[in-house]
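In what follows, chains carry the letters A, B, and so on, assigned in the order in which the sequence lines appear, proteins first and then strands, with residues in each chain numbered from 1.
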2 protein chains.
Amino acid sequence: MATRRFDPDRRERIIDAALDVIAAEGVAGASHRKIAAHAGVPLGSMSYHFSGMDELLAEAFTRFGTSISDRFDERLGRAVGIDAARQAVVDLIHEDLLDSQRELVLTHELYTLAARKPEFRAITRDWMARSRRALGLHFDPVTCRMLDALIEGLSIHAALDAEPGNTEPHSDSEPSDSEPHSRARTAEAVARITTPALDSTTPDTTRKAAHE
Amino acid sequence: MATRRFDPDRRERIIDAALDVIAAEGVAGASHRKIAAHAGVPLGSMSYHFSGMDELLAEAFTRFGTSISDRFDERLGRAVGIDAARQAVVDLIHEDLLDSQRELVLTHELYTLAARKPEFRAITRDWMARSRRALGLHFDPVTCRMLDALIEGLSIHAALDAEPGNTEPHSDSEPSDSEPHSRARTAEAVARITTPALDSTTPDTTRKAAHE
DNA sequence: CAGTCATGTGTACGATCGTACACATAGGAC
DNA sequence: GTCCTATGTGTACGATCGTACACATGACTG
């Protein structure tokens, strides 16, 4: 049936190239031609493998979301006990999320698409559902949502609060920002969000029941 | 000195039109021509008033950030006492941030630019600094950072977790999502993040000293 | 009133874009 | 070997883009 001539993973390479080009120049700056050139395939291949830019973007960002989720799962899967889980979250933020310009850019490009087009919102929704499922190994569902949102916010603010000059967050008159301080503040935030408020209106269990 | 012929706020109208076009079609889909058409000015006006797209984008998003910050300031400025402040934050999220598709889209477009280009990061940095200053009327600096990040994360996740079909968040097997429940969860999250963890390593005051 | 200059506009050019479609070519059937 | 077809490619077209630049024109000067 399949009589692929050669290079059966052309499609995959095109998707990889698309992510590279988008990371470098944005969805705005990405064109069939640039992606084709970067992947080393002829222009005609683009329309042959993908019906249009939206299909390519959808596949590319689906792959991107999956690969991030995999790391998320892995870190949280390894943790045993609630303290290790909290530490895993801190590590995630500081080691995985904050260290890669590429991932920062791609994440925002995806969010921008998702904000406007429902078909991309399906991708972000699945990604978030996976994140919460991973957190659900250690925390109750309500806490998972809050914690997931906190992770998002801390990552974004750390990245977008950086000095225009370069990558790392800036210090104003405000709390100083050497790496250890920054980590400690993240740890404190994670501790707070995973600890029920005293006058809580919700039942109150933060940690998951022992089984499962 | 100034001998403006007529229509002295051409520039302003162009900036407004730019935001409209970007909200509708994204930075990717915005062109000098479309913006000019929407503003009702000739194409030549674009290059006359702005050196290029980046200058226009920078001015447009600066205005956008300022207008959001104004509302932020206003709500927090009106609150007296820490409980009112917490309530103001909840209201902010549910009434200002979640209700406008336009603002959601523009915010992400800005973040995407900021993720890639330092000159736009100056805009996000100022915006965040203003937010923290407003929160600083009621909370200590460390809490301000955490709370600001939480607000960001909750807003984003609420918007991007929506059913592909439409605007509002979806429910899975997870916590249900009618408006009052959603608000209560937000309130709980705000309460948690503004309450120091028991085993805190940081000194521990959450509320600001009485004076000022 | 005439002259002059800052202010603003219309048009045309070269670059780049996505897509369609006629064509090439490898691999299996016989 | 010879066909035949699924698979893949090169090219050319029309649309759209940003920008440059020659020109128009209102408003002040004298």
Side-chain angles (χ1 to χ4, degrees), chain A residues 1-62 109-110 112-113 116-117 119-120, chain B residues 1-62 109-110 112-113 116-117 119-120:
Chain A
M1 173 178 285
T3 42
R4 292 232 174 263
R5 199 130 89 223
F6 82 132
D7 201 1
D9 42 29
R10 259 254 204 298
R11 252 185 96 89
E12 306 304 306
R13 274 198 301 136
I14 292 174
I15 292 175
D16 288 340
L19 287 173
D20 285 347
V21 172
I22 292 166
E25 318 203 36
V27 168
S31 67
H32 283 186
R33 286 171 149 89
K34 284 181 191 165
I35 294 169
H38 192 274
V41 304
L43 176 59
S45 262
M46 291 290 128
S47 3
Y48 182 74
H49 287 286
F50 301 92
S51 71
M53 190 56 99
D54 272 13
E55 182 179 331
L56 176 51
L57 290 177
E59 293 214 31
F61 281 114
T62 298
E109 294 282 356
L110 171 58
T112 299
L113 289 173
R116 197 187 326 278
K117 303 194 195 168
E119 65 264 33
F120 290 97
Chain B
M1 174 179 287
T3 42
R4 293 232 173 262
R5 196 129 91 227
F6 81 133
D7 202 0
D9 41 28
R10 258 256 203 299
R11 252 185 96 90
E12 306 305 307
R13 274 197 301 136
I14 291 173
I15 292 174
D16 289 340
L19 287 173
D20 285 348
V21 172
I22 292 166
E25 318 203 35
V27 169
S31 68
H32 283 187
R33 288 171 147 88
K34 284 180 191 167
I35 295 168
H38 192 273
V41 304
L43 176 59
S45 263
M46 292 290 127
S47 2
Y48 182 73
H49 287 287
F50 301 92
S51 71
M53 191 55 100
D54 272 14
E55 181 179 331
L56 176 51
L57 290 177
E59 294 213 30
F61 281 115
T62 298
E109 293 282 355
L110 171 58
T112 299
L113 288 173
R116 196 187 327 278
K117 305 195 194 167
E119 64 264 34
F120 290 97

key: Heavy-atom check, side chain of Ile35(A) versus side chain of Leu56(A), under 4.5 Å   = yes

ask   = Atom NZ of Lys34(A) and atom C1' of dG18(C): how far apart are they, to the nearest Å?
value = 14 Å

message = Give the residues of residues 19-32 of chain A touching DNA chain D, defined as any heavy atom closer than 4.0 Å, sorted by residue number.
response = none

task = Nearest whole angstrom, please: distance from the P of dT19(C) to the NE2 of His49(A).
result = 16 Å

inquiry  = Measure CZ/Arg11(B) against P/dT7(C) and give the value in whole Å, please.
reply    = 13 Å

ask   = CD/Glu59(B) to CD/Glu12(B) distance, rounded to the nearest 0.5 angstrom?
value = 8.0 Å

request  = Would you please test Val27(B) and Thr112(B) for side-chain contact (heavy atoms from CB on, under 4.5 Å) and show each step?
outcome  = CA-CA 10 Å; Val27(B) 169; Thr112(B) 299; over 6 Å; no

query = Can you list the steps and then say if Ile14(A) with Tyr48(A) is a side-chain contact (heavy atoms from CB on, under 4.5 Å)?
reply = CA-CA 11 Å; Ile14(A) 292 174; Tyr48(A) 182 74; over 6 Å; no

request  = May I have the distance from Leu56(A) (atom CG) to dT19(C) (atom P), rounded to whole angstrom?
outcome  = 11 Å

ask   = Can you check the Phe50(A) CZ to dT9(D) C1' distance for me, whole Å?
value = 16 Å

request  = Rounded to the nearest angstrom, tell me the gap between atom CD1 in Ile14(B) and atom C1' in dT9(C).
outcome  = 12 Å

task = Would you kindly give the CG-to-P distance between Leu57(B) and dG18(D), to the nearest whole Å?
result = 11 Å

message = Using whole Å, what does the distance between atom P of nucleotide dT19(D) and atom CD of Glu55(B) come to?
response = 11 Å

remark   = Shortest non-hydrogen pair, Ala17(A) vs Ala39(A), comes out as CB-CB, 3.5 Å

Polar atoms only, N or O, under 3.5 Å: list the protein pairs with nucleotides 10-15 of chain C and their distances.
none

task = Locate the shortest heavy-atom distance separating Ile15(A) from Ala60(A); write the atom from each residue and the value.
result = CG2-CA, 3.7 Å

inquiry  = With side-chain hydrogen bond (donor to acceptor under 3.5 Å, both in side chains) as the rule and sequence neighbours excluded, what pairs involving residues 21-30 of chain A come up?
reply    = Glu25(A)-Lys34(A)

note = Taking dG8(D), dG18(D), dC17(D) as options, the one with an atom nearest any side-chain atom of Arg10(A) is dG8(D)

note = On a heavy-atom basis, the closest approach of Arg10(A) and Pro42(A) is NH2-CD, 4.0 Å

